[in-house]
Amino acid sequence: MLDCRNLVVTYESTPVLQNLSIYIDAGEIVALIGPSGSGKTTLLRCIAGLEVVDSGTIHLNGEEITTRSANLRRIGLVFQDNQLFPHLNVARNISYSLKIQGMKQKLIDEKVTEALELVGLTHLSQREVFKLSGGEAKRIAVARALVAQPKVLLLDEPLSGLDKELHARLLDDLGNLLRLRGTTAVHVTHDQHEANAIADRVLDIRNLMSY
Amino acid sequence: MITSYQSTSKWLAVVPVVAMLTFVVAPALNIFIISLNFDSFAILTAQTTRSVVWFTMWQAIISTIVVVFFAIPIAAVTANFDFFGRRALISLISVPFILPTVVVGVAFLEFLPTSIHQSASAIIIAHIYFNFGLVVRIISSRWQQINPDLDDVARTLGASRTRLFLTVTLPLLKNSLRSAGLLVFLMCFTSYGVVRILGGPARSTIETEIYFRAMQLGDVSGALILSILQLVVVGVLILLTTQFGTTKSAELSQMVFSRIRKPQTSGQIIFITSVASISASVVIMPLVSVVRRSILIGQKINFSIWHSIFTDEEIFKSLMTSLEYAVLTIIVSTTIGLFGACAVIYGSARYRFLNLLTALPVVVSAVTLGLGLIITFDVNPIDWRGAWLMMPIAHCLVAIPIVTRIISPTIRDLPNGLRDASQTLGATTWQMWRTIDLRIIKPALVSAAAIACAVSLGEFGASSFLVRRNNETLPLMISRLLGRPGEIIQAQAYAIATLLIVACVVIIGVVDHLGTEKH
């Protein structure tokens with residue numbers, strides 16, 4: 001499904017990714033662990049097309065996408081701090097990608113309702129995003145990414161900074177959601193327990209690089 | 001409210017309150033009272049007045065639209081990309097805004113073809129030149145408060161760069177675009193120097209019409225009525241600007257994000273290169289015309305004009321007068337601005353009226369201020385019309401709103417914990433203020449002083465009413481010399497304009513350097 005080979009990224013002469021290779025099967029949830037500064041976020045950004053690799057290739061379903069623009073890759077990304085569009089309410093945040101795809105409004109409304117049902121927040125459809133709680137914002141961010149039907153979903157420490165109870169609840173919900181939809185996902189975390197709980201396979205980024 | 005200094009607020013408020021009441025409120029009220037002559041109101045329905053008001057409105061609207069349109073791509077470049085000369089470009093595009101309006105007028109008199117002199121086009125082009133740097137800085141600084149991760153999210157959701165701009169960036173910049181637009185409209189609506197130089201007798205705004213009626217037709221009551229009309233329009237605009245400036249900040253963080261990145265694609269490199277080179281050229285070319293004209297007599301290069309600048313008694317006197325007034329303006333306006341800002345921030349809510357009071361000179365406008373001063377202080381024992389002090393007073397009044405707004409945010413953002421630490425270490429209130437507050441706000445004070453200097457050196461509107469034989473400043477001299485025939489005299493005007501350009505370039509360099517150091 002997702003095949004990254006020998007990715008090299010340097011930043012101001014400092015190597016960040018050194019000949020990194022990773023393969024992820026369709027429907028697999030892979031957790032990526034490693035210490036701070038080891039290149040986890042950089043790898044996600046390269047896969048999403050938000051960073052340019054110095055060398056190496058990225059293939060998705062057999063098709064090379066190394067130099068393809070981010071908006072054409074159908075790879076979703078959930079940020080640590082959600083990044084909901086502050087000027088749009090919940091429903092319009094979720095429907096953002098559907099509008100870009102040119103979907104008719106009636107179908108958009110159905111998809112948005114479906115997405116909100118999936119995360120248990122149908123009552124928040126018209127809410128302004130700055131009024132959402134931490135847990136609600138997290139679910140909306142995931143719903144927004146999933147409604148775009150990405151081929152791969154990347155999650156960059158999505159559960160960091162949450163209190164213990166919310167963390168446990170969201171971890172459970174996230175895992176169930178991904179499995180229900182059969183989403184291929186890369187979940188970045190520095191928490192080994194979180195990685196073990198959610199993933200089919202846990203990889204240490206340092207072991208993916210050859211020096 | 002900062003409790004350590006609370007008791008000082010009432011003393012700090014005295015000077016700005018007395019100054020504003022005496023020299024702004026009293027003259028403005030006087031204008032209203034004297035104008036309560038119903039015959040004078042007939043001027044509002046006169047055809048000439050309607051034409052002037054209509055011209056003032058439409059040229060301001062068009063100037064504003066074009067300025068904002070051109071500023072957006074430049075702001076996109078300065079807010080998002082790291083490239084060689086970025087800081088220099090930001091400083092360069094800011095130069096036109098602090099140039100004296102008469103210098104901008106003079107620059108375009110030389111730069112534009114004669115066929116469009118004394119036309120609306122010339123005025124609009126000069127207005128665009130004068131204001132686009134200000135709009136770029138406002139929009140760019142707001143753009144840097146948009147988290148770049150929002151751009152990335154939009155891209156991963158399928159948005160092209162154009163769609164990202166239209167659906168995410170532009171909505172988030174909406175308020176700053178409106179504020180910047182209203183500010184530019186205000187500047188163009190109350191434009192005086194540019195219109196006087198480039199408009200000729202055929203083109204008048206309300207501001208130049210006030211001057212024309214008062215000083216050339218002797219129709220002071222007509223001038224006063226027009227001042228009231230302008231006051232009302234500007235007052236409404238200021239209210240609107242304040243309204244948009246305080247709209248909820250939930251949409252954007254107050255942080256500045258590191259959006260600045262090196263260009264990654266050839267398209268971005270071409271975009272940056274084009275925008276940067278075009279905007280730099282647009283700024284530089286009119287200024288080069290001024291310099292060129294100052295050394296060209298009869299199509300031959302001649303540096304003797306520059307020698308005469310420093311040896312001609314009249315010109316040298318104007319130079320010294322301008323410098324004297326600039327020094328006075330720096331000292332007085334910075335002091336009053338500092339006192340006013342401190343009174344508001346250290347004091348309780350009841351001192352907030354000082355924000356409005358110190359902003360009044362912007363509402364009243366420079367020409368109306370000058371007119372108000374001469375009709376108010378014209379009766380013994382306060383017949384100060386001919387006093388040398390009146391012009392620097394006018395300069396200070398024009399500078400105070402800007403100075404206050406430069407200093408206030410720095411004082412407001414000072415962490416109170418530093419003051420607490422100072423007190424627990426034994427500092428008295430005065431020692432605490434001197435060693436903590438003053439030290440930290442010093443760069444802002446220097447920036448404010450530099451801008452006050454630029455304001456004074458370039459002040460033309462109020463000064464036009466207050467000039468006497470012995471106190472002609474450089475902008476007034478430029479205007480007078482341009483009105484006289486003779487290549488040498490004209491070249492002298494351009495040489496003086498060049499001096500003012502150099503001064504403004506140095507000032508903006510100082511201000512930006514201090515701003516960089518702070519970050």
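Below, chains carry the letters A, B, ... as their sequence lines are ordered, and counting in each starts from 1. Below, each value reflects all heavy atoms present in this structure, side chains not excepted, and no hydrogens, waters or symmetry copies.
- For the atom pair CD (B/Gln264) and CD (A/Glu51), the distance works out to 6.5 Å, reported to the nearest 0.5 Å.
- Inter-residue side-chain proximity for A/Pro86 and B/Leu150 is flagged as met; some heavy-atom pair is nearer than 4.5 Å.
- Other residues, nucleotides and ligands contribute over 12 non-hydrogen atoms within 6.0 Å of the OH atom of A/Tyr23.
- Within a 6.0 Å radius of CZ in B/Phe70, no more than 12 heavy atoms belonging to other residues, nucleotides or ligands are found.
- Residue A/Arg74 places its CZ atom among more than 12 non-hydrogen atoms of other residues, nucleotides or ligands, all under 6.0 Å distant.
- Using non-hydrogen atoms only and a strict 4.5 Å limit, the part of residues 24-49 of chain A facing chain B consists of A/Arg45, A/Ala48.
- Counting heavy atoms of neighbouring residues, nucleotides and ligands inside a 6.0 Å radius, atom OH of A/Tyr11 does not exceed 12 of them.
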Which pairs would a plain distance check flag for residues 160-167 of chain B, meaning a side-chain donor or acceptor within less than 3.5 Å of a matching protein atom at least two apart in sequence or in another chain?
residue	atom	partner	partner atom	Å
B/Ser160	OG	B/Arg163	N	3.3
B/Thr167	OG1	A/Tyr96	OH	2.7
B/Thr167	OG1	B/Arg163	O	2.6

**OP:** Step by step, work out the side chain to side chain contact (heavy atoms under 4.5 Å, CB included) result for B/Asp149 and A/Asp81.
**Re:** CA-CA 9 Å; B/Asp149 285 348; A/Asp81 50 2; 4.1 Å; yes

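- For A/Leu98, no part lies near chain B; criterion is any non-hydrogen pair under 4.5 Å.
- Looking at A/Leu72, there are no atoms closer than 4.5 Å to chain B (heavy atoms on both sides), in backbone or side chain.
- Between A/Ser69 and B/Arg155, the side chains place a donor N or O and an acceptor N or O closer than 3.5 Å (distance only, hydrogens not considered).
- Minimum interatomic distance between A/Ala148 and B/Leu157 (heavy atoms only, all atoms of both residues): CB-CD2, 4.2 Å.
- Between A/Leu50 and B/Thr156, the closest side-chain pair of non-hydrogen atoms falls below 4.5 Å.
- Interface remark: A/Phe85 contributes backbone and side-chain atoms alike to the contact with chain B (heavy atom separation under 4.5 Å).
- Within a 6.0 Å radius of CZ in B/Arg261, other residues, nucleotides and ligands contribute more than 12 heavy atoms.
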